[in-house]
*Asks:* 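Please see the structure below; I have some questions.
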Amino acid sequence: MILPVHTIVRSQLQHTLSQTFGLPESDQPPIVIEMPPRRALGDLAVPVAFELARRLRKAPRAIAQELAAALGSLDGIARIEAAPNGYLNFYLDRRAFVMARLGDAYRQAQGEPVEQTTVADKAIVEHTAINPNKAAHIGHLRNSALGDSMARLLRFQGRPVEVQNYIDDTGVQVADVVVGFSQLEGRDLTGVRALSDDPGVRFDYYCWDLYAKVTEWYEGDAERLKVRAAAMHDIEAGGNAMAEMGAFIADRIVRCHLRTMARMNVDYDLLTWEGDILRLQFWTKAFEELKALGAVFLQTEGRLAGCWVMKIEDGQTAESDAPSDDEFGHDREAGAERGKEAQAERGNDSREKVIVRSNGTVTYVGKDIANQFWKFGLLGRDFHYRVFDDRGGRPLWATSSTPTGDGGNAPPFGRASAVYNVIDSRQAYLQELLKQALGAMGFAQQAEASTHFAYEMVALSHATARELGYADEEGLGKPFVEVSGRKGRGVKADDLLDRLITTATGEVMARQPDLPPADARAIAESIAVAAVRYFLVKFSRGKVIAFDIKEALSFEGDTGPYLQYAVVRANNIFGKLRERDGVTAESIADHLDALSPAALVEGEEADELWGLVLEASRLDEIVDSAVRALEISHLAKFTFTLAQSFNTFYHRQPIMREEREDVRLWRAAAVAYCKRQLTRSLELMGCSVPTRM
RNA sequence: GCGUCCGUAGCUCAGUUGGAUAGAGCGUUGGCCUCCGAAGCCAAAGGUCGCAGGUUCGAAUCCUGCCGGACGCACCA
């Protein structure tokens, strides 16, 4: 891990700037620490001299030289050099660095905590939230892969995390399937139950098709939409056959989703059911307070007469209000001025969002506001809780409208200090309203801590759409074909996983003919999951993924299996090393104590070896960057690049047949650390490492 | 019309809060398995970073305008 070194360098620089240069910390530019392009230039680089050149009326080079001299000797730093162009370059004490990292690895292997970075504040990550009326598809997987990784990254940083999955069991989509069963198929609850209990039927797949049929049925005659409205009304009211059927379908489909997600190594702490929010009247409570504060008011005229509405503040309020730490910024004033002008222009047509309809029912936004308030512990009410699934002794909790026998054992849910809602970017506008509602209620801090983790949708490439038999008449001009649950157009998550597993099993058996089929299958599952999950997080979140089956089925190049393969190779080295020399990855540090560090510090091979260790150490820095930017792709890219570096090293610097013991052991040490960091990175992306491939 | 996001190699994409010579994967071409596993490695070819201005010692990155594309702006969720 590299961040502790950053901390030392940064604080020493700040100290020196204030002591030697007379610049108080509040007056210093932010100290950026980067990585030089070539190892010969050092291990860490700081371009601060450029920033100071004008202020101090000196050449960057001269400033860098003075800084280098004034810094003196730093813990863990071998030497500091001022580059001719003005960079301040730091060379680490390689031996000390490696020994410390390996010590960490060893302690962690023993199950001891390495760093105590625990922050008390809990973060809630809400993701998945698939309508419980049909099978999960590839688009849903992107949400879950991103959300699950985000939770893992936060935990990596030492933050307590609660993962919630919001279940919209009272929405129009469940109602549609209820209509399908009752109107198109003439089934009652008993009939639906029989269907879902039939082992020959995949219930979520069945509903997938039924949902598409209902959509067609509506299109046949607009009058039929009244049937849907009636079903929705019944479901919200409760205590009738439609509501019972809806509840049954939602329960069964959620269990299907959980099974699918479990295959992907995606897990939750709590299922939040929208029906419970309604029945426990969370909204009523939030509504009272919003009314009292005037944040929501009754519109008496115009087309929205009779509705309770909230004013929409246009523009990017969240961003422009954020305090900038850019002391050297040039455009902040100008930017604020422009923002004001723009807002004045828009002032006239300020819009209103309906929160409570004129018929008295609450919109989705209203329910979501109440839920968001609850997440922060601001509602003054709580759910009851029930155990939804035993999961072999690790209970999965769900909300409940009524007290249950298990309720007393439930952990304290909600009351978080930060909330990440993983929802596709089409809902950015609604998510902005949530922040506004919090702000309007005087909870500025919580508004600031409400994060919309927005990502773009997954579409299908033309080739894949054709392969699946979808006529792409409407997508001809576009670069991709949109998926549509309504039309039943998309790639089901389980189908995709099954195909990947089949392909991977073939690959494994071709390479490992002696492997029992069950083992080959288990390995193939690990490979398949890595392939999908890596594919879904390697793109930055703002980019539409044009999903292509052929590309996703590929196991070569920038793919999950490539990463796994690198670790498998590294593990193989240690398998042989242990057998022949009794050296293990965990005990490698003990073998190094008495050795000369020449193989680590002298010559080109040493530079390459050291470069691998240094690169591997950046995992914590990358995780920070990923969390800050909400970009799991940063971690994906880091892992891939590290795997590439490892593969290069693997080919260039053999270990088993290296005869010089010190060289062999230092190389092994680099591999031990590298494979540990790769394994950790893969874990953060929800991927495991197979024993063989 | 307004707002948000996107535009980088033939294709798909990175580019870490403005920094040292713009990088990967796929595809193409050519090499490497008596040598820790070739799901790998090495090499070659491939670029007006959408366009035009501006700020800066320095811009793919920040600002303005334009062009092209996606999405959003419901008494749907």
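Naming: A, B, ... by sequence-line order, numbering from 1 per chain.
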*Asks:* Could you work out the separation of B:C51 and B:A59 based on their C1' atoms and round it to a whole Å?
*Replies:*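 B:C51 and B:A59 have their C1' atoms separated by 16 Å.
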*Asks:* Within the modelled atom types, does a donor on one side and an acceptor on the other bring the side chain of A:E51 and the base of B:G58 under 3.5 Å apart?
*Replies:*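 Between B:G58 and A:E51, which were checked side chain against base, a qualifying N/O pair under 3.5 Å is absent.
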*Asks:* How many Å lie between CG on A:N359 and P on B:A74, as a whole number?
*Replies:*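 Computing the A:N359:CG to B:A74:P distance gives 18 Å.
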*Asks:* Under 4.0 Å, counting only non-hydrogen atoms across every strand here, what does A:R657 touch: a base, just sugar-phosphate, or nothing?
*Replies:*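 Contact class for A:R657: base.
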*Asks:* With rounding to whole Å, what would you report as the distance between B:A38 and B:C33 at their P atoms?
*Replies:*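 Approximately 11 Å lies between the P atom of B:A38 and that of B:C33.
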*Asks:* Checking only heavy atoms, does the side chain of A:R511 share a donor-acceptor pair with the base of B:A39 at less than 3.5 Å?
*Replies:*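 It does, because a donor-acceptor pair links the side chain of A:R511 to the base of B:A39 below 3.5 Å.
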*Asks:* Quantified in whole Å, what is the P atom distance between nucleotide B:A74 and nucleotide B:U56?
*Replies:*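 42 Å, rounded to whole Å.
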*Asks:* Assign each of A:F555 and A:L44 to its nearest nucleotide of RNA chain B by heavy atoms, then name whichever residue's nucleotide is nearer the 5' end.
*Replies:*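 Whichever sits nearer the 5' end wins; that is A:L44.
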*Asks:* Base, sugar-phosphate alone, or nothing: which one does A:E579 contact when heavy atoms must sit under 4.0 Å apart?
*Replies:*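 No contact.
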*Asks:* So which nucleotide from B:A38, B:C75, B:G15 ends up closest to the side chain of A:S358?
*Replies:*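 Ranking B:A38, B:C75, B:G15 by closest atom to the A:S358 side chain puts B:C75 first.
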*Asks:* Are the aromatic ring centres of A:Y534 and A:F640 under 6.0 angstrom apart?
*Replies:*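 When the ring centroids of A:Y534 and A:F640 are compared, they turn out to be at least 6.0 Å apart.
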*Asks:* Under a 3.5 Å limit for both distances, which nucleotide forms a Watson-Crick or G-U wobble pair with B:G68, could you say?
*Replies:*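 Check on B:G68: paired to B:C6, both distances under 3.5 Å.
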*Asks:* Considering only side-chain heavy atoms of A:Q644, which listed nucleotide, B:A77, B:C41, B:U56, is closest?
*Replies:*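 My answer, after comparing the listed nucleotides, is B:C41.
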*Asks:* Is it true that A:R426 and A:D424 have a side-chain N and a carboxylate O under 4.0 angstrom from each other?
*Replies:*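 Here A:R426 pairs with A:D424 in a salt bridge, since their nearest N and O are under 4.0 Å apart.
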*Asks:* For a quick check under 3.5 Å, do A:N421 and A:Q372 share a side-chain donor-acceptor pair by atom type?
*Replies:*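 Indeed, the side chains of A:N421 and A:Q372 share at least one donor-acceptor pair under 3.5 Å.
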*Asks:* Between A:R569 and A:Y650, is NZ or CZ placed under 6.0 angstrom from the six-membered ring centre and within 45° of the ring axis?
*Replies:*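 Yes - A:R569 lies over the ring of A:Y650, closer than 6.0 Å to its centre and within 45° of its axis.
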*Asks:* Using a heavy-atom cut-off of under 4.0 Å over every strand shown, decide if A:R618 touches base, sugar-phosphate, or nothing.
*Replies:*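 Base contact.
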*Asks:* When you check the glycosidic angle of B:C33, does it come out syn, meaning within 90° of 0, or anti?
*Replies:*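 Syn, since the glycosidic angle lies within 90° of 0.
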*Asks:* Quick one: label A:S425 by what it contacts on the DNA or RNA (base, sugar-phosphate, nothing), any heavy atom closer than 4.0 Å.
*Replies:*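 Result for A:S425 = nothing.
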*Asks:* Mind calculating the distance between CD1 (A:I588) and C1' (B:C36) to the nearest angstrom?
*Replies:*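 Those two atoms, CD1 and C1', are 14 Å apart.
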*Asks:* Give me the distance, rounded to whole Å, that separates B:G10 from B:C67 when you measure between the P atoms they each carry.
*Replies:*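 These two P atoms come out 26 Å apart once rounded.
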*Asks:* What integer distance in Å separates A:F50:CZ from B:U56:P?
*Replies:*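 In whole Å, B:U56 P lies 18 Å from A:F50 CZ.
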*Asks:* Separation of A:N571 atom CG from B:A39 atom P, in whole Å?
*Replies:*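 One finds 17 Å between P of B:A39 and CG of A:N571, rounded.
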*Asks:* Base, sugar-phosphate, or nothing: which does A:R303 touch, judged by heavy atoms less than 4.0 Å apart?
*Replies:*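 Here A:R303 touches the bases of the nucleic acid.
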*Asks:* Just checking A:V671: base, sugar-phosphate only, or nothing, at a heavy-atom cut-off of under 4.0 Å?
*Replies:*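 Here A:V671 touches no strand at all.
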*Asks:* Is the base of B:U21 touched by the side chain of A:R38 through a donor-acceptor pair closer than 3.5 angstrom?
*Replies:*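 Looking at the base of B:U21, it does pair with a donor or acceptor on the side chain of A:R38 (distance under 3.5 Å).
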*Asks:* Select base, sugar-phosphate, or nothing to describe what A:E482 touches, counting heavy atoms under 4.0 Å on all strands.
*Replies:*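 Counting heavy atoms under 4.0 Å across all strands, the contact made by A:E482 is with sugar-phosphate only.
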*Asks:* Can you check the A:R10 CZ to B:U17 P distance for me, whole Å?
*Replies:*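 It is 11 Å, rounded to the nearest whole Å.
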*Asks:* Indicate, with a heavy-atom threshold strictly under 4.0 Å, whether A:A45 touches base, sugar-phosphate, or nothing.
*Replies:*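 Contact class for A:A45: base.
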*Asks:* Is any N or O donor-acceptor pair between the side chain of A:T363 and the base of B:C75 shorter than 3.5 Å?
*Replies:*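 Per atom types, no contact qualifies.
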*Asks:* Does a side-chain heavy-atom distance below 4.5 Å link A:R664 with A:D581?
*Replies:*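 A:R664 vs A:D581: side chains touch.
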*Asks:* Tell me: CD of A:E658 to C1' of B:C35, nearest whole Å?
*Replies:*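 To the nearest whole Å, that distance equals 13 Å.
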*Asks:* Considering every strand and a 4.0 Å limit on heavy-atom distances, what is the contact class for A:L577: base, sugar-phosphate, or nothing?
*Replies:*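 Nothing, no heavy atom under 4.0 Å.
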*Asks:* Name the nucleic acid region contacted by A:N89, choosing base, sugar-phosphate or nothing; use a 4.0 angstrom heavy-atom cut-off, strictly under.
*Replies:*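 Base: the residue A:N89, judged by heavy atoms under 4.0 Å, touches a nucleobase.
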*Asks:* Assign A:G542 to base, sugar-phosphate, or nothing according to its heavy-atom contacts below 4.0 angstrom with the strands shown.
*Replies:*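 Sugar-phosphate, backbone atoms only, no base.
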*Asks:* To the nearest Å, give me how far apart CZ (A:R692) and C1' (B:A39) are.
*Replies:*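 Nearest whole value for this atom pair: 15 Å.
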*Asks:* Do A:N572 and B:G37 share a donor-acceptor pair, side chain to base, under 3.5 Å?
*Replies:*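 Result: at least one qualifying N/O pair found.
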*Asks:* Across the strands shown, which category fits A:F640 at heavy-atom distances under 4.0 angstrom: base, sugar-phosphate, nothing?
*Replies:*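 The answer is sugar-phosphate, as A:F640 gets under 4.0 Å only of primed atoms, P, OP1 or OP2.
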*Asks:* Would A:R228 count as a cation-pi partner of A:Y218, with NZ or CZ less than 6.0 Å from the six-membered ring centre and within 45° of the ring normal?
*Replies:*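 Because its charged atom sits under 6.0 Å from the ring centre and within 45° of the axis, A:R228 does stack over A:Y218.
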*Asks:* So what does A:D168 hit on the nucleic acid, given a heavy-atom distance under 4.0 Å: a base, only sugar-phosphate, or nothing?
*Replies:*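 Result for A:D168 = sugar-phosphate.
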*Asks:* Taking atom P in both B:C71 and B:C66, what distance in whole Å separates the two?
*Replies:*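 To the nearest whole Å, 22 Å.
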*Asks:* Quick one: A:M656 CE to B:G37 P, roughly how many Å, whole number?
*Replies:*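 Atom-to-atom, A:M656 to B:G37, this comes out as 9 Å.
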*Asks:* Give none if B:A44 has no partner; otherwise give the nucleotide forming a Watson-Crick or G-U wobble pair with it, both distances under 3.5 Å.
*Replies:*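 For B:A44, the partner nucleotide comes out as B:U28, under the 3.5 Å rule.
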*Asks:* Side-chain contact test, heavy atoms from C-beta onward, threshold under 4.5 Å: evaluate it for A:V623 versus A:Q157 and give yes or no.
*Replies:*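 Yes; the side chains approach each other to less than 4.5 Å.
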*Asks:* When the C1' atoms of B:C35 and B:A22 are compared, how many Å lie between them, rounded to an integer?
*Replies:*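 Per the computed distance, 37 Å lies between those C1' atoms.
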*Asks:* For nucleotides B:C42 and B:A24, find the distance between their C1' atoms and express it as a whole number of Å.
*Replies:*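 It comes out at 16 Å once rounded to the nearest Å.
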*Asks:* Judged by each residue's nearest nucleotide on RNA chain B, which is more toward the 5′ side, A:E236 or A:K543?
*Replies:*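 It is A:K543, whose closest nucleotide lies nearer the 5' terminus.
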*Asks:* Name the orientation class of the two ring planes belonging to A:W283 and A:F287 (parallel below 30°, tilted from 30 to 60°, perpendicular beyond 60°).
*Replies:*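 Parallel: the ring planes of A:W283 and A:F287 meet at under 30°.
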